[in-house]
Amino acid sequence: MTIDGARIEALAREIASREAGRVDAVERARLLAGELHSEVAAVVSRFAAAARRAGAPHLDLVTVGPVEPDDKSIRAFQFKIRRGRFEAIVVTKDRGEVMLVGPFKRGEAEGPCNPIRQEGRESDRPGIETNLETLLVALIEMSFQK
């Protein structure tokens with residue numbers, strides 16, 4: 001049995017011809033995901049350090065997953081923030097949107113979703129950061145409840 005590689009190559013050319021014009025926008029989404037990931041990881045680290053200083057080092061349980069291709073769109077990137085069964089997802093899209101999802105219990109329906117148009121303008125960055133902080137606070141509060 002031999003798989004016909006020519007059909008696969010033709011399909012690759014067809015899909016690539018549709019996507020070739022999106023390369024720069026996809027790269028901007030990837031870079032933004034990396035920047036937001038770094039900021040979230042730094043804030044999560046501050047939470048853990050503050051918990052240690054306050055006498056509860058065992059609260060160092062919030063994790064930030066790696067930036068990876070989005071589960072739903074080939075033109076977007078995501079990273080997950082988790083604590084136990086609770087999760088939030090940060091998605092950056094090629095069309096200039098950041099989507100904040102959650103927090104929610106893993107295995108249940110994702111949501112709520114908070115789309116933020118950012119269109120590359122620096123003035124939009126404070127809004128994204130404020131919404132990210134709100135998302136983190138909600139995840140931490142929800143996941144550390146009794």
Side-chain angles (χ1 to χ4, degrees), residues 1-49 51-52 57-145:
M1 174 182 196
T2 303
I3 296 175
D4 183 4
R7 286 180 56 198
I8 298 298
E9 288 176 5
L11 181 58
R13 286 190 298 274
E14 177 188 331
I15 293 170
S17 70
R18 289 193 316 248
E19 292 295 316
R22 308 299 298 225
V23 172
D24 290 341
V26 170
E27 179 62 11
R28 283 192 301 275
R30 187 187 65 75
L31 291 172
L32 180 59
E35 292 170 13
L36 296 177
H37 180 273
S38 293
E39 290 181 35
V40 169
V43 171
V44 166
S45 180
R46 287 180 66 180
F47 172 83
R52 277 192 304 278
H58 63 283
L59 297 181
D60 184 7
L61 299 170
V62 179
T63 61
V64 182
V67 173
E68 56 193 11
D70 181 54
D71 289 343
K72 297 177 182 171
S73 172
I74 61 171
R75 298 183 196 117
F77 296 86
Q78 70 178 26
F79 62 91
K80 297 177 180 180
I81 310 159
R82 292 183 173 160
R83 198 331 258 160
R85 298 177 299 182
F86 298 92
E87 180 171 276
I89 305 171
V90 178
V91 180
T92 58
K93 300 181 179 186
D94 72 322
R95 61 179 183 259
E97 184 176 86
V98 175
M99 178 73 71
L100 305 178
V101 183
F104 57 92
K105 281 187 182 177
R106 280 191 313 214
E108 294 184 5
E110 292 180 3
C113 295
N114 180 12
I116 305 164
R117 293 284 303 164
Q118 68 100 23
E119 300 187 36
R121 294 190 316 260
E122 192 62 36
S123 62
D124 297 292
R125 194 59 180 255
I128 293 170
E129 291 168 355
T130 298
N131 282 283
L132 259 177
E133 181 179 317
T134 300
L135 178 75
L136 277 169
V137 167
L139 174 69
I140 289 168
E141 288 177 340
M142 181 185 288
S143 67
F144 282 99
Q145 289 177 353

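Sorted by first and then second residue, the salt bridge (Lys or Arg N to Asp or Glu O under 4.0 Å) pairs involving residues 99-114 (not counting sequence neighbours) are Lys72-Glu110. Judged as a salt bridge (Lys or Arg N to Asp or Glu O under 4.0 Å), the pairs with a partner in residues 7-16 (not counting sequence neighbours) are, in order, Glu14-Arg18.
Side-chain contact between Ile74 and Pro69 is absent, with no heavy atoms from C-beta onward closer than 4.5 Å. With contacts defined as side-chain heavy-atom distances shorter than 4.5 Å, the pair Cys113/Met99 qualifies.
Not counting sequence neighbours, Phe104 has no partner by the ring pair (Phe, Tyr, Trp, His ring centres under 6.0 Å) test. For Arg52, the side-chain contact (heavy atoms from CB on, under 4.5 Å) partners two or more places apart in sequence, or in a different chain, are Ala48, Ala49, Pro57, Asp60. Remark: Arg83 engages no residue in a side-chain hydrogen bond (donor to acceptor under 3.5 Å, both in side chains) (not counting sequence neighbours). Not counting sequence neighbours, the partners of Glu35 by the salt bridge (Lys or Arg N to Asp or Glu O under 4.0 Å) test are Arg125. Remark: Val40 engages Val44, Val64, Phe79, Ile81, Leu132, Leu136 in a side-chain contact (heavy atoms from CB on, under 4.5 Å) (not counting sequence neighbours). In this structure, the side-chain contact (heavy atoms from CB on, under 4.5 Å) partners of Ala25, at least two apart in sequence or on a different chain, are Arg28, Asp94. Partners of Ala76 according to the side-chain contact (heavy atoms from CB on, under 4.5 Å) rule, which considers only residues two or more places apart in sequence or in another chain, are Asp70, Ser73, Val91, Lys93. Not a single salt bridge (Lys or Arg N to Asp or Glu O under 4.0 Å) links Glu68 to another residue, sequence neighbours left out. Not a single salt bridge (Lys or Arg N to Asp or Glu O under 4.0 Å) links Arg85 to another residue, sequence neighbours left out. In this view, Glu133 satisfies the salt bridge (Lys or Arg N to Asp or Glu O under 4.0 Å) rule with no residue, not counting sequence neighbours.
A salt bridge does not link Glu19 to Arg22: none of the charged side-chain nitrogens sits closer than 4.0 Å to a carboxylate oxygen.
To the nearest 0.5 Å, atom CG of residue Leu61 and atom CD1 of residue Ile140 are 11.0 Å apart. Distance check: Asn131 CG to Ile116 CD1 gives 4.0 Å after rounding to the nearest 0.5 Å. Interatomic distance, CD of Gln78 versus CG of Leu36, reported as 13.5 Å (0.5 Å rounding). Phe77 contributes atom CZ, which lies 7.0 Å from atom OG1 of Thr92 (distance to the nearest 0.5 angstrom). Expressed to the nearest 0.5 Å, how far CD1 of Ile128 lies from CD of Glu39 amounts to 9.0 Å.
Listed for the Ser38 side chain is a donor-acceptor partner under 3.5 Å among the backbone atoms of Gly34. In this structure, His37 contributes its side chain and Leu32 its backbone to no donor-acceptor pair below 3.5 Å.
Other residues, nucleotides and ligands contribute over 12 non-hydrogen atoms within 6.0 Å of the CG atom of Leu11.
Between Pro112 and Pro103, the closest heavy-atom pair is CD-O, 4.1 Å. Of all heavy-atom pairs spanning Asp71 and Lys80, the tightest one is OD2-NZ, 3.8 Å.
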Next on the checklist: With ring pair (Phe, Tyr, Trp, His ring centres under 6.0 Å) as the criterion, how do Phe47 and Phe144 come out once you've worked through the C-alpha distance, each side chain's angles and the decisive distance to 0.1 Å?
Outcome noted: CA-CA 13 Å; Phe47 172 83; Phe144 282 99; 5.8 Å; yes

Checklist entry - Can Val137 and Leu135 be said to form a side chain to side chain contact (heavy atoms under 4.5 Å, CB included), step by step? => result CA-CA 6 Å; Val137 167; Leu135 178 75; over 6 Å; no

